[in-house]
Amino acid sequence: MTRTQAQRSEATRARILDATLQTLVERGYAETTTAEVLARAGAPRGTLLHHFPTKIDLLAASVRHVTRRRLDAIVAELDTLPGDADGLDAFIDSVWRHFSGPLFWAALELWNAARTDAALRAALMPVEKEIFGVLHERARALLGPDPRVPTVVQLTFEMMTGLAMTGIISGDPGFRDLSIRRWKRAAAILLGRRDPDTLVERAKGT
């Protein structure tokens, strides 16, 4: 079926945004230039300027694009998790996969740039609020109406963000796995699902 002009335009826009996302992940924010994006997208400069007149327009749209991709990915996974006693561990594992994948790295590049770019920060704040709002909503559906759940979920986000960032330098999978295992126990204790005495992992044979 022949596509309409509007469909072709939307497909081109999506291709440019996908190229921007790919560049953020592979080259970082500093090297996410319009020239690099054009080369990856295979689009003429005039086409890019038609959709995104300035670089901030491109990056603001990329923020929304990355957020939508992040939301689609994690919501699809969370909707498959068990709503039983194993749901908490599964939730933490799911959040970690999300916070250690390429979509998170693209978002992290934008976060870092937003520290000194007021226009980018203004574009980033509402979409980040949206994504974390949806994650909290899905977490409540999965983990139940316990009033402690929002706090534990937010701490999970903060902990996984920090773990991903320290992993940039350390790259130690053993430390990462130990930290996640410890947080699973701590989160379960905070929700009253484990005995506090089980927080410290006993050495084997004791």
Side-chain angles (χ1 to χ4, degrees), residues 21 24-26 28 63-112 114-115 124-206:
L21 190 157
L24 284 167
V25 173
E26 296 180 7
V63 167
R64 293 187 289 272
H65 187 64
V66 169
T67 299
R68 179 48 53 194
R69 293 279 298 275
R70 290 168 66 197
L71 272 176
D72 289 347
I74 196 166
V75 167
E77 183 169 349
L78 290 179
D79 284 348
T80 68
L81 298 184
D84 52 25
D86 296 325
L88 179 60
D89 283 1
F91 172 77
I92 292 172
D93 285 336
S94 181
V95 172
W96 169 246
R97 283 190 291 272
H98 172 69
F99 277 62
S100 58
L103 292 176
F104 174 77
W105 296 120
L108 188 61
E109 290 290 333
L110 293 170
W111 291 356
N112 185 54
R115 186 181 70 85
L124 190 59
M125 288 175 63
V127 291
E128 286 299 317
K129 182 178 180 179
E130 177 190 3
I131 191 171
F132 284 107
V134 171
L135 292 178
H136 271 287
E137 178 184 332
R138 286 299 196 278
R140 286 194 298 271
L142 178 69
L143 302 176
D146 189 324
R148 294 171 290 187
V149 164
T151 297
V152 171
V153 168
Q154 187 62 41
L155 288 173
T156 299
F157 297 153
E158 303 297 343
M159 190 268 189
M160 295 305 173
T161 300
L163 192 59
M165 294 181 70
T166 56
I168 296 173
I169 304 300
S170 69
D172 183 352
F175 172 78
R176 175 200 65 202
D177 293 345
L178 176 62
S179 297
I180 293 173
R181 192 164 63 247
R182 285 173 171 171
W183 176 244
K184 286 178 179 178
R185 291 198 302 271
I189 291 169
L190 289 172
L191 291 175
R193 301 182 182 187
R194 289 189 64 147
D195 186 327
D197 290 339
T198 64
L199 178 60
V200 179
E201 191 172 278
R202 295 181 179 277
K204 293 182 178 179
T206 62

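Everything numeric in this text was worked out from a predicted model, so none of it was measured.
- Considering all non-hydrogen atoms of both residues, V25 and P102 come closest at CG2-O, 3.2 Å.
- When all heavy atoms of V95 and M160 are compared, the closest pair comes out as CG1-CG, 3.9 Å.
- R148 contributes a side-chain N or O that, together with a main-chain N or O of L191, makes up a donor-acceptor pair within less than 3.5 Å.
- Partners of R176 under the salt bridge (Lys or Arg N to Asp or Glu O under 4.0 Å) rule, at least two apart in sequence or in another chain, do not exist in this structure.
- Between the CH2 atom of W183 and the CG atom of D89 there is a distance of 12.0 Å, given to the nearest 0.5 Å.
- Taking CG from L21 and CG from L103, the interatomic distance works out to 5.5 Å, rounded to the nearest 0.5 Å.
- Here the straight-line distance linking atom CD1 of I74 with atom CZ of R97 works out to 9.0 Å at 0.5 Å rounding.
- Distance alone, capped at 3.5 Å, places no donor-acceptor pair between the R182 side chain and the L199 backbone.
- In terms of heavy atoms, V149 sits closest to G144 at CG2-O, 3.8 Å.
- Rounded to the nearest 0.5 angstrom, S179 OG and D172 CG are separated by 9.0 Å.
- A heavy-atom distance below 4.5 Å is found between the side chains of H98 and I131.
- Under the 3.5 Å distance criterion, the side-chain polar atoms of T166 are matched with a main-chain donor or acceptor of G162.
- Looking at heavy atoms from C-beta onward, I180 lies in side-chain contact with L163 at the 4.5 angstrom threshold.
- Closest heavy-atom contact between F104 and F99: CD2-O, 2.9 Å.
- The closest side-chain heavy-atom distance from W96 to T156 is not below 4.5 Å.
- Residue-environment remark: CZ (F175) stays at or below the threshold of 12 foreign heavy atoms within 6.0 Å.
- Closest non-hydrogen pair, S94 versus L78, comes out as OG-CD2, 3.6 Å.
- L143 and F91 get closest at one heavy-atom pair: CD1-CD2, 4.4 Å.
- Using a 4.5 Å cut-off on side-chain heavy atoms (C-beta onward), K184 and L88 make no contact.
- To the nearest 0.5 Å, atoms CD (E130) and CZ (R64) are separated by 11.0 Å.
- Counting heavy atoms from C-beta on, the side chains of V153 and E158 never come closer than 4.5 Å.
- Classification of R68 and D72 as a salt-bridged pair holds, one side-chain N sitting under 4.0 Å from a carboxylate O.
- Counting only heavy atoms from C-beta outward, the side chains of T161 and W111 approach each other to under 4.5 Å.
- A distance of 9.0 Å separates OG1 in T151 from CG in L190, rounded to the nearest 0.5 Å.
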*Dump the intermediate steps for salt bridge (charged side-chain N to carboxylate O under 4.0 Å, His left out) on D146 and R140, then the final yes or no.*
CA-CA 8 Å; D146 189 324; R140 286 194 298 271; over 6 Å; no
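- Taking 4.5 Å as the limit, some side-chain heavy atom of I168 sits within range of a side-chain heavy atom of W105.
- Q154 and H136 form a side-chain donor-acceptor contact under 3.5 Å, judged by distance and modelled atom types alone.
- The closest side-chain heavy-atom distance from D195 to T198 is below 4.5 Å.
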